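Data block below; observations after.
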Number of protein chains: 2
Amino acid sequence: MSDADARDARRPVRPGGGKRVTMRDVADAAGVSQPLVSIVMRDVPGASPESRAHVLEVASRLGYRRDERARMLKQGRSRLIGIVFHAAQPFHGELIDELQLAAREAGYNVSLAAVTRRRGEADAIEALLGERVEGLVLLGASLAEEELERIADEVPVVTVASQYSSARFDSVSMDDARGTELAVQHLRERGHTRILYLGAPGVSGDEVRTATFLEATTAAGLGDEVAVVAGGASEAAGAKVIEDALKHHPDATAVIAFNDRSAQGVVAQARLLGKRIPEDLAVVGFDNSEQAELPYLQLTSLAQDPAQLASTAVEMVVGRVDPTAEGEAPRTGEHRILPTKLVVRSSSGDPAPSSR
Amino acid sequence: MSDADARDARRPVRPGGGKRVTMRDVADAAGVSQPLVSIVMRDVPGASPESRAHVLEVASRLGYRRDERARMLKQGRSRLIGIVFHAAQPFHGELIDELQLAAREAGYNVSLAAVTRRRGEADAIEALLGERVEGLVLLGASLAEEELERIADEVPVVTVASQYSSARFDSVSMDDARGTELAVQHLRERGHTRILYLGAPGVSGDEVRTATFLEATTAAGLGDEVAVVAGGASEAAGAKVIEDALKHHPDATAVIAFNDRSAQGVVAQARLLGKRIPEDLAVVGFDNSEQAELPYLQLTSLAQDPAQLASTAVEMVVGRVDPTAEGEAPRTGEHRILPTKLVVRSSSGDPAPSSR
DNA sequence: TTGAAAGCGCTAACAC
DNA sequence: GTGTTAGCGCTTTCAA
């Protein structure tokens, strides 16, 4: 059996692991050296037009595809940014879209790890570290700060839409305090004084919103008329809690919900109880998600721009990975807060109230 | 500068790409050979308890973590199953959870690629192939069958919850026809004759459901009283379409919606129009998703079991990757259809109707 | 039980 | 412009 026979015999096998076409195979078939194939495949200068064309032709005929792992291994770096997201959170989908884009622009690829019911954040992060990601973007992280600091010792970390203030990793989030102020102010302008804040204890962002809600309403002299009720970040939580809350605070005329999902639960359940939205109950949510626009919701909501969140996150993590040029990567944790704005829809009253 | 100095100096650098701790480093520090470290880290026999303990101690002190890429490269296979999912689809989150579990049990890891507004399925698949996944599980794929066949030439493919019948790749989906029959039968039993099917043209599953709806209602002699209206697979689509539909078919008393999301839109919008659910309008959805259970929805829905869908998909793809044992991997496309059952909630009437 | 040597598929340095 | 050589971090023979 000749060498050629052996080679031919190897290709069509494609067993378990699958012997795939390699640069060697292309080089042999094209009658050139293997590194030359590399040059052609990377599309860098150093090959004549003829060789280039020939190699490309052979490669495509053989169905060659570059092995990214080998490439990363040789290069000594992965140019990979790990993204940890929650599979059940539609807003994370929007963020992923933007993150992929921003990463690609910065010359990086992304690797995804999902947090699900049965797979925690720590697990997801471990998997990503095993792939040698060079940076980590964590969406809605809720691990202990010390945990994240331990991880940040290995690789730059930036959390998105979480509340951390560590000196060892970065974060980017919306301005929860300002957003809450805007919501309170908006409702007051429309004459509401008996306002409920329906929080989500333990979920990132809730602490700040709760504190600000109390401050803002107290400052406005509404201390006795408002209340904070503990709910959650889902439609079900919103629905469940509003029902109770309306029993204990039957004269409430407005609700600020932790996010659009819980706001949706509030609206639907309140309607079922005979309340008209917004005449009997005004509702404001957070996120300005796609569902805020639904015709039957038309939810007033505090907007955070996913594109800005994403590009900021990528910029921060890449800044630490690549201490480029004058490269002043901050040596201490940076915590950026992005502006938010109130998007007014009909769930909080007439779109254009002339008099309050 | 001694060797030890050089080694020490190397570690804390962690520049751009990040010089990470390698087996060599651990071996040097522990005073053993590098392959011995490999043996210890893989937890295979071949090292004395003392060496093992010592190596593990040194490894953890140095913060060693195995490089999965190098491992895969050397082993000649990745033991990776690629999963393409739609980031905006919460149901895919449930599937991912189950798929990860099933894959792990079969000795595989998963690699995720998200389809988003700006990243198509073809792109996502390409990325996964570059990582040398050994099989592909596509959730809600909508590529042309020929496209998928081209891909299936490279690596085993199984689609989940899509309608394909190719001889070159596999699929697993719920029994859309049976589900539709169950829905129609259920509504008829409750006395409904003027039934609408609110479809989602172009979305996988819709064709079969539409056809079956027409067959089943025609067979029941309802040909003139039913109608198919074109909608979509989102809350917004459901809301928009039901409003129109109720104008053209004001006497309709029941709706079968393409999925729970569009059903939710139908319920919310119909209520806003003064309809009571289920008294004025009974609603049935597909998926039996988490939202079907929401207190204000209580949606009757056709259940597909994500765990079963996932384990079947993994089993099929692994079966082709590993033609193990007596290894009778089917040489032609296999298309499994999983049973579905109707979960009755109050959106389609009184939970326990004594008389119809 | 341990070590030495080879090589996975690729890129980078240097020779020709 | 092209080939040769070397080596990324790991697993896998094979010797000792």
Side-chain angles (χ1 to χ4, degrees), chain A residues 7 10-11 15-56 58-59 62-80 129-132 134, chain B residues 10-11 15-55 58-59 62-80 129-132 134:
Chain A
R7 227 184 295 117
R10 199 175 342 124
R11 251 199 310 111
K19 265 289 141 282
R20 304 282 278 278
V21 182
T22 161
M23 275 195 181
R24 261 255 65 83
D25 299 333
V26 176
D28 290 353
V32 299
S33 78
Q34 180 261 316
L36 185 55
V37 176
S38 171
I39 286 171
V40 172
M41 297 313 293
R42 275 179 294 155
D43 203 27
V44 295
S48 69
E50 300 83 51
S51 311
R52 199 172 287 276
H54 181 220
V55 167
L56 284 175
V58 172
L62 260 46
Y64 171 75
R65 182 189 306 278
R66 178 166 62 192
D67 187 325
E68 296 294 339
R69 294 171 325 208
R71 176 181 159 80
M72 291 172 191
L73 181 58
K74 173 61 203 181
Q75 289 195 147
R77 56 179 305 185
S78 64
R79 300 204 74 92
L80 232 41
L129 290 177
E131 290 182 42
R132 288 291 192 266
E134 297 181 7
Chain B
R10 199 176 342 124
R11 252 202 312 111
K19 266 290 141 279
R20 302 283 278 280
V21 182
T22 161
M23 275 194 182
R24 261 252 70 79
D25 300 333
V26 176
D28 290 353
V32 299
S33 78
Q34 180 261 316
L36 185 54
V37 177
S38 172
I39 286 172
V40 172
M41 297 313 294
R42 273 178 296 154
D43 203 26
V44 295
S48 68
E50 301 83 49
S51 310
R52 199 173 288 274
H54 181 219
V55 166
V58 171
L62 261 44
Y64 172 75
R65 181 189 306 279
R66 180 167 61 194
D67 188 325
E68 295 295 338
R69 297 169 323 203
R71 176 181 160 81
M72 292 172 189
L73 181 57
K74 175 60 202 180
Q75 289 194 148
R77 55 178 307 185
S78 65
R79 299 203 75 90
L80 232 40
L129 290 177
E131 290 181 42
R132 289 291 192 266
E134 297 181 6

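Chain letters run A, B, ... following the sequence lines, proteins first, then strands; residues in each count from 1. Just so it is clear, the structure is predicted and the values come from calculations on it, not from any experiment. Every heavy atom of this structure was used, including side-chain atoms; hydrogens, water molecules and symmetry mates were not.
For B:Gln34, whose side chain is taken as the heavy atoms from C-beta onward, the closest listed nucleotide among C:dT11, D:dG1, D:dC10 is D:dC10. Listed candidates were C:dC10, C:dT11, D:dG9. Nearest to the side chain of A:Gln75 is C:dT11. Closest to the side chain of B:Pro35, from the set D:dT12, C:dT11, D:dC10, is D:dT12.
Following rounding to the nearest Å, B:His54 (NE2) and C:dT2 (P) show an atom-to-atom distance of 12 Å. Between the P atom of D:dT12 and the CG atom of B:Leu73 lies a distance of 12 Å, rounded to the nearest Å. If you take CG of B:Leu36 and C1' of D:dA15, they are 15 Å apart, rounded to a whole angstrom. Atom CE of A:Met72 and atom C1' of C:dA12 are 18 Å apart (whole Å). If you measure from atom CZ of A:Arg77 to atom C1' of C:dA12, you get 15 Å, rounded to the nearest angstrom. Atoms OH (B:Tyr64) and C1' (D:dG9) sit 7 Å apart, rounded to a whole Å. The distance from atom CZ of B:Arg69 to atom P of D:dG7 is 19 Å, rounded to the nearest whole Å. Between the CD atom of B:Glu68 and the P atom of C:dG9 there is a distance of 18 Å, given to the nearest Å.
Contact check for A:Arg42 versus A:Arg66: side-chain heavy atoms found under the 4.5 Å cut-off. Looking at A:Ser38 and A:Met23, their side chains come closer than 4.5 Å, going by heavy atoms from C-beta outward. Looking at B:Met41 and B:Val26, their side chains never come closer than 4.5 Å, going by heavy atoms from C-beta outward. Side chains of B:Arg20 and B:Arg65 form a contact here, defined as non-hydrogen atoms less than 4.5 Å apart. Side-chain contact check for A:Asp43 versus A:Arg52: some heavy-atom pair is nearer than 4.5 Å. Counting heavy atoms from C-beta outward, B:Thr22 and B:Asp67 have side chains that stay 4.5 Å or more apart. For the pair A:Arg132/A:Leu80, no side-chain contact is recorded, criterion being any heavy-atom separation below 4.5 Å from C-beta on.
Two end axes, each from the C1' atoms of five base pairs, can be drawn for the helix from C:dT1-D:dA16 to C:dC16-D:dG1; they diverge by 40°, to 10 degrees.
Between A:Arg24 and C:dC8, a side-chain N or O to OP1/OP2 separation shorter than 4.0 Å is absent. B:Thr22 has no side-chain polar atom (N or O) that falls below the 4.0 Å cut-off from OP1 or OP2 of D:dC8. Regarding contacts with the backbone of C:dT11, a side-chain N or O of A:Arg66 is found under 4.0 angstrom from either OP1 or OP2.
Donor-acceptor pairing under 3.5 Å, judged by distance alone, is present between the side chain of A:Lys74 and the base of D:dG7.
Under the 3.5 Å distance criterion, the side-chain polar atoms of B:Glu134 are matched with a main-chain donor or acceptor of B:Ser78.
With values rounded to the nearest 0.5 angstrom, A:Asp28 atom CG is found 10.5 Å from A:Ser33 atom OG.
With the nearest nucleotide of DNA chain C identified for both A:Arg65 and B:Glu50, B:Glu50 has the one nearer the 5' end.
Non-hydrogen atoms lying under 4.0 Å from DNA chain C are contributed by B:Gly46, B:Ala47, B:Ser48, all within residues 38-48 of chain B.
Across B:Leu36 and B:Gly46, no two heavy atoms sit closer than the pair CD1-O, 4.0 Å.
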